[in-house]
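The structure under discussion appears below in the form of structure tokens.
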Amino acid sequence: MLHHISFGVSDMKRAAAFYDAAFAPLGYVRVWEDLNPGDPDQAIGYGPAGGGDKFAIKLRGKEARAPGSGFHLAFAAPSRDAVVRFHEAALAHGGTDNGPPGLRPHYGPSYFAAFVVDPDGHRIEVVTKAAE
């Protein structure tokens with residue numbers, strides 16, 4: 001259903017460092033970038049290596065606003081270990097814990113997820129249903 005989604009960010013350097021590190025355990029990389037210092041419309045697209053972008057960050061400066069309560073974006077992880085490593089990298093690069101890695105049996109018997117808030121306040125979940 002969705003083709004891609006983007007988040008407005010207040011600081012491109014900070015957001016890029018966060019997403020570069022947090023996405024690495026998931027196998028997501030920069031697939032394009034439009035980074036011109038001083039340009040107020042900078043952006044970076046992320047996705048699977050060799051593929052198109054599914055997620056982008058766009059510089060919006062002081063106008064950047066995270067959606068309110070009730071919104072979050074969930075990214076697929078290849079394994080439980082990737083969920084744990086995502087969470088660790090996100091916290092090490094300016095993210096805030098919003099739910100540590102672990103099973104969420106109320107969503108399903110093998111639903112393993114972690115939740116963070118990025119440096120701009122966007123709520124992110126990373127999930128796998130892999131048995132291990």
Minimum-distance pair of heavy atoms, taken over all atoms of [X] and [Y]:
X	Y	result
S10	A64	N-CB, 3.6 Å
A21	A89	O-CB, 3.5 Å
F18	A90	CE1-O, 3.4 Å
P101	V83	CB-CG1, 4.3 Å
W32	A56	CZ2-CB, 4.2 Å
V29	P48	CG2-C, 4.4 Å

Do [X] and [Y] belong to the same hydrophobic cluster, where Ile, Leu, Val, Met, Phe, Trp and Tyr are linked whenever their side-chain heavy atoms lie under 4.5 Å apart, directly or via other members?
X	Y	answer
F55	F86	yes
V117	F75	no
L2	V126	no

Quiz item: Does Y111 OH have over 12 foreign heavy atoms under 6.0 Å away?
Solution: yes
Using atom types as modelled, flag every donor-acceptor pair under 3.5 Å from a side chain in residues 36-43 to any protein atom, sequence neighbours excluded.
unit_1: N36; atom_1: ND2; unit_2: D34; atom_2: OD1; d: 3.1
unit_1: D39; atom_1: OD1; unit_2: D41; atom_2: N; d: 2.9
unit_1: D41; atom_1: OD1; unit_2: R60; atom_2: NH1; d: 2.9
unit_1: D41; atom_1: OD1; unit_2: R60; atom_2: NH2; d: 3.4
unit_1: Q42; atom_1: NE2; unit_2: N36; atom_2: O; d: 3.3
unit_1: Q42; atom_1: NE2; unit_2: D39; atom_2: O; d: 3.1

Exercise. Only pairs at least two apart or in different chains count here, so list each side-chain hydrogen bond (donor to acceptor under 3.5 Å, both in side chains) that has a residue in residues 76-85.
Key: D81-R85
Hey, what do you get for [atom1] ([X]) to [atom2] ([Y]), rounding to the nearest 0.5 Å?
X	Y	atom1	atom2	value
E33	M12	CD	CE	9.5 Å
I57	Y19	CD1	OH	7.5 Å
K58	F7	NZ	CZ	13.0 Å
Y107	E125	OH	CD	7.0 Å
I124	L73	CD1	CG	7.0 Å

Practice problem: Might you work through the side-chain hydrogen bond (donor to acceptor under 3.5 Å, both in side chains) test for N98 and H72, ending with a clear yes or no? | Solution: CA-CA 11 Å; N98 202 27; H72 80 279; over 6 Å; no
Quiz prompt | Partner set under side chain to side chain donor-acceptor pair (under 3.5 Å) for H122, not counting sequence neighbours | solution = D118
Exercise. Would you mind reporting whether L91 and D97 have side-chain heavy atoms less than 4.5 Å apart?
Key: yes
Exercise. Provide the full list of salt bridge (charged side-chain N to carboxylate O under 4.0 Å, His left out) pairs with a residue in residues 9-24, sequence neighbours left out, each pair given once.
Key: R14-D120, D20-R30
Quiz item: What residues form a ring pair (Phe, Tyr, Trp, His ring centres under 6.0 Å) with F115, not counting sequence neighbours?
Solution: none
Self-check item: Partners meeting ring pair (Phe, Tyr, Trp, His ring centres under 6.0 Å) with Y28 (sequence neighbours left out)
Solution: F23
Quiz item: Can you check whether P67's main-chain N or O pairs, donor with acceptor, with R123's side chain at less than 3.5 Å?
Solution: yes
